Asks: 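Below you will find the structure I want to go over with you.
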Number of protein chains: 2
Amino acid sequence: MTDERMRGQDEWLPQPATEDIELVKVLHALGDPVRLRLLSLYLEGGEVSCTLEGVGLDHLHKSTLSHHMKVLRAAGVTATRVAGRNRFVRLRRQDLDGRFPGLLDALLKGLEAQ
Amino acid sequence: MTDERMRGQDEWLPQPATEDIELVKVLHALGDPVRLRLLSLYLEGGEVSCTLEGVGLDHLHKSTLSHHMKVLRAAGVTATRVAGRNRFVRLRRQDLDGRFPGLLDALLKGLEAQ
DNA sequence: ATGATTGTTTGACGAGTATCCAACGATCCG
DNA sequence: CGGATCGTTGGATACTCGTCAAACAATCAT
């Protein structure tokens, strides 16, 4: 099932509907150093372009990062808006907070603590 | 580094010290259906024997479950006390709550919601 | 149009992992 | 002692996954 609420606004990459987000898939998606680093970027708020520089992920090939972003999107963690050549990624904070209350806040605190 | 606080009491299987518990390893350990099911058992409180019946994991070989329990222990999620032939597993709730405040609570709520 | 930019897709490869099975070690019980 | 119980370990196998490289598609700029 695909989320339909954003129809007619912009173009978005496919993502699971809110009610289809599964905890085990979210945890699996975040149980990787690269994707957890991406999460910490997204947690800072706003939209993030796929072009990443100086965030400690320069050693990775662009296709590798594209793969990781797809995993996060498929798990329901992020939403990706398509604007021309660019993709802007943001956290699905409202959806995640509604489905797993306190999870993102705990992860944010945990990431800061380390 | 190994946690030394429990010396002289009982025999425990090796586990990482509290300050060595890493968020990404915890998330990776829990990003698996079997281990997340185990977590939900441990979250109910008390110690749980390794003998599991009627909890929806009967289809797995005992060595497979032993492997999953080892992963949880190595990630710092659980502690295992050895008493004779038996092993009693419990959550390291205090350690995890101290290191990642709110994480276990959010996971518990998330598991109940599903 | 031509070329540069941005990101995805596909294939390949090595590393990791989930599972079962068999064997083992340790422990408890007659 | 001898057998049963509880759990771990090692090997084998199939599958998943992280990474890179090359090709591709779409868009923007000149």
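All chains are named by letter (A, B, ...) in the order of the sequence lines, taking the proteins before the strands, and each is independently numbered beginning at 1. These numbers were taken from a predicted model, which means no experiment stands behind them.
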Asks: Both B:Val71 and B:Ser63 contact DNA chain C. Which one's nearest nucleotide lies toward the 5' end?
Replies: B:Val71
Asks: Using whole Å, report how far CG of B:Leu13 lies from P of D:dG7.
Replies: 11 Å
Asks: Rounded to whole angstroms, how far apart are NE2 on B:His67 and P on C:dT17?
Replies: 8 Å
Asks: Give a yes/no on whether any side-chain N or O of B:Ser66 is located under 4.0 angstrom from OP1 or OP2 of D:dT9.
Replies: no
Asks: Measuring to OP1 and OP2 of C:dT19, would you say a side-chain N or O of B:His59 lies under 4.0 angstrom away?
Replies: no
Asks: With a 4.0 Å cut-off on N to O distance, would you call B:Lys25 and B:Asp20 a salt bridge?
Replies: no
Asks: Would one find a side-chain N or O of A:Lys70 under 4.0 angstrom from OP1 or OP2 of C:dG7?
Replies: no
Asks: Between B:His61 and C:dT19, is there a side-chain N or O to OP1/OP2 distance below 4.0 Å?
Replies: no
Asks: On a plain distance test, is the side chain of B:Ser49 in donor-acceptor contact with the base of D:dC6 below 3.5 Å?
Replies: no
Asks: Grab the CG-P distance between B:Leu38 and D:dG7 for me, whole Å please.
Replies: 13 Å
Asks: Nearest-nucleotide wise, let me know which of A:Met69 and B:Arg35 is further upstream toward the 5' end of DNA chain C.
Replies: A:Met69
Asks: Atom CG of B:Asn86 to atom P of D:dT8: distance rounded to whole Å?
Replies: 11 Å
Asks: OP1 or OP2 of D:dT19 versus the side-chain N and O atoms of A:His68: is any pair under 4.0 Å?
Replies: yes
Asks: Just the rounded figure in Å: distance from P of D:dA25 to CZ of A:Arg87.
Replies: 14 Å
Asks: Any sub-3.5 Å donor-acceptor pair from A:Arg73's side-chain atoms to A:Gln15's backbone N or O?
Replies: no
Asks: Would you say B:Thr64 places a side-chain N or O within less than 4.0 Å of OP1 or OP2 belonging to C:dA18?
Replies: no
Asks: Over how many whole Å does the gap from A:Lys62 atom NZ to C:dA4 atom P extend?
Replies: 14 Å
Asks: Distance check: side-chain N/O of B:Arg85 vs OP1/OP2 of D:dT8, anything under 4.0 Å?
Replies: no
Asks: Whether B:Arg73 contacts D:dT8 is assessed here as follows: a side-chain N or O lying under 4.0 Å from the phosphate OP1 or OP2. Is that the case?
Replies: yes
Asks: Could you tell me which non-hydrogen atom of B:Leu23 sits nearest to which non-hydrogen atom of A:Gly110, and how far apart they are?
Replies: CD2-C, 4.2 Å
Asks: Scan A:Leu104, A:Leu41, A:Val48 and name whichever one has a side-chain contact (heavy atoms from CB on, under 4.5 Å) with A:Leu91.
Replies: A:Leu104
Asks: Does A:Ile21 offer a backbone N or O that forms a donor-acceptor pair with the side chain of A:Arg99 under 3.5 Å?
Replies: yes
Asks: Whole angstrom is fine here: how far is it from CG in A:Leu60 over to C1' in C:dT6?
Replies: 17 Å
Asks: Using atom CG of A:Asp32 as one end and atom C1' of C:dT17 as the other, report the distance to the nearest whole Å.
Replies: 14 Å
